[in-house]
Amino acid sequence: MILGAVDDQAAALRQDPRPVLIVTGLIQEARIAAGPGLTVICSSSDPKQLRAIMADFDASSIRGVISFGVAGGLDPSLEAGDIVIATEVVAGERRWTSEVALTDELLRSAGLGRQRVVRGGLVGAEQVIAARSAKAALRSETGAAAVDMESHIAADFAAAAKLPFAALRVISDPANRSLPQIVSSAIKPNGDIDLRKVLRGIARHPTSIRSLVSTGIDFNRALRSLRGCRNFVQDAVLGRGGLVAEI
């Protein structure tokens, strides 16, 4: 699903009026990101769907790519709501690293002063990494701070098109917590949550209620933090974001 771009009349965009592409996994993330000078893609947390969308996307119509949304924590020190600015994106044997450092001054100017912000690696996954043991294994293997299902695809697209790329992800489920199976199976094709599936899952497994409540609290905390990152996205639109290139 693609949310239409909105023309930005800001002076900083006069030299290149093309929008920046924002790649998200959930409709909630897409709604937060949408704004002037941006085209937003929502993959419904489906890597195959995202690749299909990107394959038909005209790279010449945009001037940069940002992966934006929530992520699973791999670094045990990170809590729900903490922000990860990607220094690199890893997927299998492929790796993309930051060309331009995102300084603390930039982060403060983007209005992130009250939120914890770290620079770290992201791992691209083809499915939800739900179990604590799986998160620990990814952490041991890659040293990455977080995992998501869109950043590696967005980075690959940007590299092929020779476009600037950056990734900003907020921790939704910390490394020390396993996601309930219900969560990963209840995402609709439009990226929203299928409440009927959630309720059916609770009916079958009533003991999962406590973990679902904790997951919901963490997810809402992550979304609040993501809203606070909106200024960072606007800074990227104005040409002050980081660049990532494949090595």
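Values reported hereafter were calculated over all heavy atoms of this structure, with side chains retained and with hydrogens, waters and symmetry mates removed.
With sequence neighbours left out, Val90 forms a side-chain contact (heavy atoms from CB on, under 4.5 Å) with Glu88, Arg95. Residues that satisfy the side-chain hydrogen bond (donor to acceptor under 3.5 Å, both in side chains) test with Asp46, not counting sequence neighbours, are absent from this structure. Partners of Ala59 according to the side-chain contact (heavy atoms from CB on, under 4.5 Å) rule, which considers only residues two or more places apart in sequence or in another chain, are Phe157, Ala161, Leu163. The side-chain hydrogen bond (donor to acceptor under 3.5 Å, both in side chains) test applied to Ser60 returns Asp58, not counting sequence neighbours. For the side-chain contact (heavy atoms from CB on, under 4.5 Å) test, residues two or more places apart in sequence or in another chain that qualify with Asp82 are Leu78, Glu79, Arg116, Ile171. Shown here are the salt bridge (charged side-chain N to carboxylate O under 4.0 Å, His left out) partners of Glu150, two or more places apart in sequence or in another chain: Arg169. In terms of the side-chain contact (heavy atoms from CB on, under 4.5 Å) criterion, residue partners of Ala222 (sequence neighbours excluded) are, by chain and number, Val70, Val170, Ser172. Listed by chain and number, the residues in a side-chain hydrogen bond (donor to acceptor under 3.5 Å, both in side chains) with Ser151 are Ser67, Asp148 (sequence neighbours excluded). Partners of Glu126 under the side-chain hydrogen bond (donor to acceptor under 3.5 Å, both in side chains) rule, at least two apart in sequence or in another chain, are Arg51, His152.
At a threshold of 4.5 Å between non-hydrogen side-chain atoms, the residues Ser225 and Ile83 count as touching. Residues Val89 and Asp156 have side chains not in contact (no heavy-atom distance under 4.5 Å, counting atoms from C-beta outward). Counting heavy atoms from C-beta outward, Leu26 and Phe219 have side chains that approach closer than 4.5 Å.
Applying the salt bridge (charged side-chain N to carboxylate O under 4.0 Å, His left out) rule to pairs touching residues 64-75 yields Asp75-Arg139, sequence neighbours excluded. Applying the salt bridge (charged side-chain N to carboxylate O under 4.0 Å, His left out) rule to pairs touching residues 219-229 yields Asp218-Arg221, sequence neighbours excluded.
The NZ atom of Lys135 sits 3.5 Å away from the CG atom of Asp173 when rounded to the nearest 0.5 Å. Between Ile153 atom CD1 and Leu50 atom CG the span is 4.5 Å, to the nearest 0.5 Å. Put simply, CD on Glu141 and CG on Leu74 are 10.5 Å apart, with the number rounded to the nearest 0.5 Å. Interatomic distance, CD1 of Ile22 versus CD1 of Ile66, reported as 4.0 Å (0.5 Å rounding). Rounding to the nearest 0.5 Å gives a distance of 7.5 Å between CD1 of Ile62 and CD1 of Ile41.
Between Pro164 and Ala158 the shortest heavy-atom distance is O-CB, 4.4 Å. The two atoms that bring Ala154 and Phe165 nearest to each other are CB-CE1, 3.6 Å, heavy atoms only. The two residues Ala134 and Ile129 come nearest to each other via the heavy atoms CB-CG2, 3.7 Å. The two residues Ala146 and Ala71 have their closest heavy-atom pair at CB-CB, 3.9 Å. Taking each heavy atom of Leu38 and Ala34 in turn, the nearest pair found is CD1-C, 4.5 Å. Listed here is the closest heavy atom pair of Gly121 and Thr87: N-OG1, 3.6 Å.
Hydrophobic clustering (side-chain heavy atoms under 4.5 Å, transitive across Ile, Leu, Val, Met, Phe, Trp, Tyr) groups Leu168 together with Val20.
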* CA sep, side-chain torsions, deciding dist, call: Ile32, Phe68, side chain to side chain contact (heavy atoms under 4.5 Å, CB included) -> CA-CA 10 Å; Ile32 291 171; Phe68 180 83; 4.0 Å; yes

